[in-house]
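Report on the following structure.
Quantities reported herein were computed from a predicted structural model and do not represent experimental measurements. First the proteins, then the strands, lettered A, B, ... as listed; each starts at 1.
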There are 2 protein chains.
Amino acid sequence: MAGVRARQKEKTRRALIDAALNQLSAEISFSSLSLREVAREAQIAPTSFYRHFQNMEELGLTLVDEGGLALRQLLRQSRQRIDSGGSIIRVSLETFMYFVTNHGSVFRLLLQERSGTSREFRDAVAREIDHFKSELADYLVAERELPRLIAELQADAVVRVVFSAGADALDLDATQCNLLMEQTIVQVRMIVRGAATFMDDIQTLPASVHIPAKPDHSS
Amino acid sequence: MAGVRARQKEKTRRALIDAALNQLSAEISFSSLSLREVAREAQIAPTSFYRHFQNMEELGLTLVDEGGLALRQLLRQSRQRIDSGGSIIRVSLETFMYFVTNHGSVFRLLLQERSGTSREFRDAVAREIDHFKSELADYLVAERELPRLIAELQADAVVRVVFSAGADALDLDATQCNLLMEQTIVQVRMIVRGAATFMDDIQTLPASVHIPAKPDHSS
DNA sequence: ACATTGAGCTTACACATGTAAGCCGAAATT
DNA sequence: AATTTCGGCTTACATGTGTAAGCTCAATGT
C-alpha cells in the first residue's frame with residue numbers, strides 16, 4: 001500500500017512543476033515556456049509529459065492554484081500574528097512585499113495570466129484574487145464592524161491598489177521598494193478613512209460585481 | 001517634393017501596424033504574434049517587414065505609444081468638456097470604460113506589456129501610465145488646490161484602481177460593466193475623501209516613487 | 001540622361017516546436 | 001505465477017518560425 005509507483009509519479013510531477021517554476025523569470029513568461037524545455041529540465045522525455053498533464057495549460061493552472069494558495073496562507077498567517085498588537089495594514093503589506101520580491105516568478109505568473117489570453121487562466125487568477133478580497137472583507141466586518149457593503153468596496157479597492165503596487169515593485173531595488181511600500185500604506189489608509197465617510201449614505205452604494213463561480217481546487 | 005515613395009512607405013508601415021492591431025484579440029497577445037503573419041496580413045513578404053521595423057519589439061513599442069496617446073487624448077478631451085459642469089470623476093470613468101470596451105485590443109496590450117517579459121515594454125507602458133497620473137495630479141493641484149504630495153498619492157491610487165477595474169471590465173458584458181463602473185466611481189470618491197483627511201499630517205507622508213526617465217516619443 | 005537608392009520580392013536554411021505510434025519493463029493485481 | 005497496468009522511452013513527422021543573400025525596378029537626385 002506504500003505505492004512505490006504512485007510515489008515516483010508524484011515525484012516527477014513535482015519535478016515538472018518545479019522545472020516550470022524554475023524557468024519562469026522576468027524575461028520568460030509562462031506562455032513562452034515550451035513543453036519540451038520543461039520536460040528536459042525535469043529529466044523526462046517530451047512525450048512523457050502527457051502522463052502527468054494534458055497540456056501546458058493544465059500545468060499552468062496548477063501553478064496558479066499553488067501560487068495563490070501560498071500567498072493567501074502567508075497573509076492569513078501574518079494577520080493572526082497581529083492579534084498581539086501592531087498595524088494590520090503595515091504587517092500585511094510587509095508580508096505581501098516579501099512575497100513579491102522573494103517569489104517574483106509566482107507573482108509575475110499571477111499578474112500576467114490575470115490579463116492573459118486564456119479565459120481559464122484569467123478566471124483562475126480572478127478566483128484567487130477574490131479570495132483575498134473576501135478574507136479581507138470578512139476581517140473588516142468582524143474586527144472593524146463595517147457594514148458588509150462598505151467592507152467589500154473597501155477591500156476591493158485595497159486589493160487593487162496593493163496588487164498594482166506589487167507589479168511595480170518587481171522592477172525596483174530594495175530601497176525604492178520600501179519607499180513604494182510606505183506610499184502604498186498611506187494610500188490604503190486613505191481608502192480606509194474614505195470608506196468610513198460613506199457610513200451615512202450606504203443606501204446609495206452599488207452592489208458588488210461578482211465573478212462567475214467556477215470549481216476551486218484550493219483549501 | 002510630393003514624395004510618392006515616402007507616402008507609399010508610410011502606407012505599408014501603417015498596414016503593418018493595423019495588421020498587428022487587427023490580429024490582437026482576447027485570445028492572441030502581442031507576444032504570440034508572429035512577424036510572418038503580420039507581414040502576410042499587411043500583404044508584404046516576411047523579409048520586407050525589416051524595411052519598416054528592426055523587429056517585432058519595435059512594432060510593439062509603436063503600438064504602445066500610439067495606444068497610450070489615444071487614451072490620454074480621449075481623457076484630456078473629456079476633462080475639458082467638464083469645465084461646463086458635471087462630475088469629472090464620472091465623466092472620466094465613462095470615457096475610460098468606453099475606451100476599454102471599444103478598443104479592448106489596445107487596452108489589453110497595455111495591460112499585458114505592463115507586466116510582460118520585456119523591460120523596454122514595461123518601461124514604455126509605465127511611462128504612459130505616469131502621464132495619466134501626472135495629468136490627473138496637475139488637475140488636482142490646479143483645480144482642487146491640493147498640496148502636490150497629496151495630489152500625487154491620490155492620483156496614483158486612483159489610476160491604480162481604475163486600471164485594475166478596466167482589466168476586469170474586459171471580460172464583462174455591458175450591464176456588469178456598468179455596475180463595475182458605478183462601484184469604481186464610489187471607490188474613487190473614497191480615495192478622494194480619504195486623501196482630504198491627510199491635509200493635517202502632510203509632513204508624515206513619504207515622497208513619491210519616480211520611474212527612471214527614458215526617451216518619450218509622444219506629444 | 002544617367003546613376004543611385006531603397007521598398008519589395010524570391011529562395012533558402014537551420015531550428016524548435018507539439019505530438020502521434022508504439023515498445024519496454026517494473027510494479028500492481030488477480 | 002500469470003496477467004494487466006502504466007510511467008517512461010525512442011523514433012518520426014509535419015509545421016511554423018526568424019532571417020540571411022541577393023535580385024528587380026520604379027522613384028529620386030544630379
Please tabulate, for side-chain N and O atoms in residues 44-56 of chain A, each donor-acceptor pair with protein atoms closer than 3.5 Å (sequence neighbours left out).
residue: A:His52; atom: NE2; partner: A:Thr12; partner atom: OG1; Å: 3.0
residue: A:Asn55; atom: OD1; partner: A:Glu57; partner atom: N; Å: 3.2
residue: A:Asn55; atom: OD1; partner: A:Glu58; partner atom: N; Å: 3.0

Without hydrogens or angle criteria, can the side chains of B:Glu41 and B:Gln23 be said to hold a donor-acceptor pair below 3.5 Å? yes

Using atom [atom1] of [X] as one end and atom [atom2] of [N] as the other, report the distance to the nearest whole Å.
{"X": "A:Leu35", "N": "D:dG8", "atom1": "CG", "atom2": "P", "answer": "14 Å"}
{"X": "A:Arg13", "N": "D:dG7", "atom1": "CZ", "atom2": "P", "answer": "12 Å"}
{"X": "B:Leu33", "N": "D:dG18", "atom1": "CG", "atom2": "P", "answer": "9 Å"}
{"X": "B:Glu57", "N": "D:dT19", "atom1": "CD", "atom2": "P", "answer": "12 Å"}
{"X": "A:Lys11", "N": "C:dA27", "atom1": "NZ", "atom2": "P", "answer": "13 Å"}
{"X": "B:Asn55", "N": "D:dG18", "atom1": "CG", "atom2": "P", "answer": "11 Å"}

Per-nt protein contacts along nucleotides 8-16 of chain C (heavy atom under 4.0 Å; B base, S backbone sugar-phosphate only, - none) come out as BBB-B----

What do the steps show when you test B:Glu27 against A:Thr117 for side-chain hydrogen bond (donor to acceptor under 3.5 Å, both in side chains), and what is the final call? CA-CA 4 Å; B:Glu27 293 79 28; A:Thr117 50; over 6 Å; no

Step-by-step salt bridge (Lys or Arg N to Asp or Glu O under 4.0 Å) determination, A:Arg114 to B:Asp168: CA-CA 9 Å; A:Arg114 173 156 114 110; B:Asp168 288 353; 3.7 Å; yes

Nearest 0.5 Å please: distance from the CG atom of A:Leu153 over to the CD1 atom of A:Ile191. 11.0 Å

Electrostatic pair A:Arg72-A:Glu128, nearest N-O below 4.0 angstrom: yes

